[in-house]
Amino acid sequence: MPASHCDRYSERMKGEVHVSQITTINPATEETIAHYDTMSKAEAIETVEACHAAFLEWRETSHEERAGYLRRIAQELRDNADALARLMTEEVGKLYRDSKQEVEICAAIFDYTAEHGPKELADEERRHSGGKKRGLVSFAPVGVIYSIQPWNFPLYQPVRVLAANLMAGNGVVLKHAGICTGSGLKLREVCIAAGLPEDLFQVVIIDHDTSDALIAHDKVRGVTMTGSDGAGRHIGAQAAQALKKQVLELGSNDAYLVLEDADVDLAVKTSVIGRLYNNGETCVSAKRFVVADKVHDEFVEKFVAAMQDIKLGDPMGDDTDLGPLSSAGQLDTVREQVERSVAGGATVACGGEVSDRTGHYYKATVLTDCVPGTPAHDDEIFGPVAAVIRAKDDEDAMRIANDSRYGLGGGIFSRDEDKAVRLARDYFDTGMVRINSFGAADPNMPFGGVKDSGFGREHGGFGMKEFVNAKAIYLP
């Protein structure tokens, strides 16, 4: 995998291969939080087999019964929101208020799945043989789903897989990122406290080789992963070799278009939020800002001024705008990507350097004059770095946005909402598009991408049917 990519999967694997222990470190203070012993391959396989045994009983429950468990998990999350949020902030450096919001989003996902799951997964009556005969389509659970997740949303990433698959009747084994091991284990504790069968949701603390062995294990029936496109190719190849169904969400360098008729002030305000949300470590966020020439200079002037006002600080602080990056390795990656972009022709309009404070802090950065062949233009910079690209006009802006190997999300700023919708629907080659707004995900809308951003969908009912057997039952 190219070193220039912000490879979340590879980053989290550093230090995990062939080691007996994982150490979590607070990126704001650089202090050690905890140590965790890794499992042997035999122990990990035993965990998968225990999950499968729990699945055999769980699949006998009704959708309504499963919904009850999910609602109780949602309540347990809310009851433990402060402790969960603090742990996430300590492990990965996200702002405490964002961590609190993440807990609520996770609870909402469980509630949404509980409310809509029974209808989404109910048997469907069909007619066949020219309408003369009856049939049923049932959505049967398949078994253990192996979930490989990154660190940037320590609860949300595993929850969006867990809620959907518990409702579908499957079991889930989670391999979380090493740097947020505590959050993964705490999520399991919450589920068990809510009454979920103890072995139905498992967390494995394992190295890379053991992870590959689990993908190949015959009791694992599906694999879902969030990370870089490079890591997705490896995991996808392993799963394909074992003939396992996959869902891959592989990041992006989302383009937000500022068209000639855009409300520039709104675009600037929204773009600052969109670039710095979660300390800039979000797969579906504003990363490239493709600005029509007519409004380019005004946008850049106001955008740079707003980014210069951003306050770095303690992620627990109420007045902090930007916390640290998740690890020393992530800080090094972002710094190197910016340096290569500048060497390739980009101009640093603000930021562009590591903060001198303790912790893994990188200043809010705007790069202008970004050109093809550099990380700022072509790759995913997973940090508080905005890449501004000048377009000749609106048509050229759409061309530039689509001229990317990625296609997860994107955005359009325009005063003409009908035009923006038309462009989003008919021309924007991504899985999600925001118009005059920014947001990460919603339980009621599908989440996923195209091209090198992966395949498969989560949320909006779609995730509940990714790992089921759509079974045809023919009646006379």
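Bear in mind that the values here come from a model prediction, so they are computed numbers and not experimental data. Heavy-atom basis, side chains included; hydrogens, waters and symmetry copies ignored.
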Donor-acceptor contact below 3.5 Å, side chain S183 vs main chain L155: no

Under 3.5 Å, is there a donor-acceptor pair between the side chain of R97 and the main chain of D318? yes

Just by distance, do the side chain of R340 and the backbone of T374 share a donor-acceptor pair under 3.5 Å? no

Report, as yes or no, whether the 6.0 Å neighbourhood of atom CZ on R221 holds more than 12 heavy atoms from other residues, nucleotides or ligands. no

Is there a side-chain contact (heavy atoms from CB on, under 4.5 Å) between I192 and L196 once you walk through the steps? CA-CA 5 Å; I192 292 171; L196 192 72; 5.6 Å; no

So does D207 get a backbone contact from the side chain of S211, meaning a donor-acceptor N/O pair under 3.5 Å? no

Evaluate the ring planes of F447 and H459, with Trp represented by its six-membered ring, and classify them as parallel (under 30°), tilted (30 to 60°) or perpendicular (over 60°). perpendicular

Would Q75 and D79 count as a side chain to side chain donor-acceptor pair (under 3.5 Å) if you check the C-alpha gap in whole Å, the side-chain angles of each, and the deciding distance to 0.1 Å? CA-CA 6 Å; Q75 187 57 53; D79 291 345; 2.8 Å; yes

Side-chain contact, heavy-atom cut-off 4.5 Å: Y96 with D82? yes

Considering all heavy atoms, the nearest K287-V284 contact: NZ-N, 4.3 Å

Apply the salt bridge (Lys or Arg N to Asp or Glu O under 4.0 Å) test between E466 and each candidate in K245, R457, R160; give the one that qualifies. K245

Kindly say whether V144 contributes a backbone atom to a donor-acceptor pair with the side chain of N170 at under 3.5 angstrom? no

Start with the C-alpha gap between D332 and S327, add the side-chain angles, then the distance that decides, and say whether side-chain contact (heavy atoms from CB on, under 4.5 Å) holds. CA-CA 9 Å; D332 288 343; S327 67; over 6 Å; no

Okay, side chain of S341, backbone of A346: is any donor-acceptor separation there less than 3.5 Å? no

Worked verdict on D452 versus R233 for salt bridge (Lys or Arg N to Asp or Glu O under 4.0 Å): CA-CA 9 Å; D452 283 8; R233 286 185 175 87; 3.2 Å; yes

Can K94 and E102 be said to form a salt bridge (Lys or Arg N to Asp or Glu O under 4.0 Å), step by step? CA-CA 10 Å; K94 64 195 302 141; E102 183 171 340; 2.5 Å; yes

Indicate yes or no: does D297 engage R390 in a salt bridge with an N to O separation below 4.0 Å. yes

If you draw a 6.0 Å radius around NZ in K294, do more than 12 non-hydrogen atoms from other residues or ligands fall strictly inside? no

Side chain T430, main chain G407, donor-acceptor under 3.5 Å: no

Do V433 and R425 have side chains that get closer than 4.5 Å, going by heavy atoms? no

Salt bridge between R357 and D314, side-chain N to carboxylate O under 4.0 Å? no

Option from I45, V203, T47 for which side chain to side chain contact (heavy atoms under 4.5 Å, CB included) with M39 holds: T47

CA sep, side-chain torsions, deciding dist, call: L200, L166, side-chain contact (heavy atoms from CB on, under 4.5 Å): CA-CA 9 Å; L200 192 63; L166 290 179; 3.6 Å; yes

So, for A74 and D111, which heavy atoms are closest and what is the spacing to 0.1 Å? CB-OD1, 3.3 Å

Please determine whether a side-chain nitrogen of the Lys or Arg among E76 and R72 lies less than 4.0 Å from a carboxylate oxygen of the Asp or Glu. no

Minimal heavy-atom distance between I179 and E91, with the atoms involved, is O-CB, 3.5 Å

Reported CG-to-OH distance for the pair L162 and Y156, which is rounded to 0.5 angstrom: 13.5 Å

Identified salt bridge (Lys or Arg N to Asp or Glu O under 4.0 Å) counterpart of K451 within the set D429, D229, D403: D429

Can you see which heavy atom on A440 is nearest to which on Y277, and at what distance? CB-CE2, 4.0 Å

Worked check of side-chain contact (heavy atoms from CB on, under 4.5 Å) between V161 and Q149: CA-CA 10 Å; V161 174; Q149 299 302 327; 3.7 Å; yes

Min side-chain heavy-atom separation N165-T224 under 4.5 Å: no

Could you tell me whether F462 atom CZ has more than 12 heavy atoms of other residues or ligands within 6.0 Å of it? no

In this structure, CG of L95 is separated from NZ of K100 (nearest 0.5 Å) by 13.5 Å

If we ignore hydrogens and angles and just use 3.5 Å, is the side chain of T29 paired with the main-chain N or O of E31 as donor and acceptor? yes

Other residues, nucleotides and ligands only: do more than 12 of their heavy atoms fall within 6.0 Å of CD on E104? yes

Between N444 and Y112, is there a side-chain donor-acceptor contact under 3.5 Å, judged purely by atom types and distance? yes

Closest heavy-atom pair and its distance - N152, C283: ND2-N, 4.1 Å

Give me the ring orientation class for F382 and W151: parallel if the planes are under 30° apart, tilted from 30 to 60°, perpendicular past 60°. perpendicular

Any luck finding a side-chain donor-acceptor pair between T89 and S99 under 3.5 Å? yes

Could you check whether any side-chain heavy atom of V103 comes within less than 4.5 Å of a side-chain heavy atom of M88, counting everything from C-beta outward? yes

Looking at Y427, is its backbone amide N or carbonyl O close enough to the side chain of N402 to form a donor-acceptor pair, meaning the two atoms are under 3.5 Å apart? yes

Are any non-hydrogen side-chain atoms of V173 and V220 less than 4.5 angstrom apart? no

For the pair S404 and N253, evaluate side chain to side chain donor-acceptor pair (under 3.5 Å) and give the outcome as yes or no after the intermediate values. CA-CA 8 Å; S404 169; N253 62 349; 2.9 Å; yes

Quick one: closest heavy-atom pair of L423 and M398, and the distance? CB-CE, 3.9 Å

Any side-chain heavy-atom pair of S355 and Y362 under 4.5 Å: no

Flag, side chain of T181 to backbone of G178, donor-acceptor distance under 3.5 Å: yes

Would the number of heavy atoms belonging to other residues, nucleotides or ligands and lying under 6.0 Å from CD of Q308 be above 12? yes

Value for CE (M167) from CE (M464), rounded to nearest 0.5 Å, stands at 6.5 Å

Q241, CD: over 12 other non-hydrogen atoms inside 6.0 angstrom: no

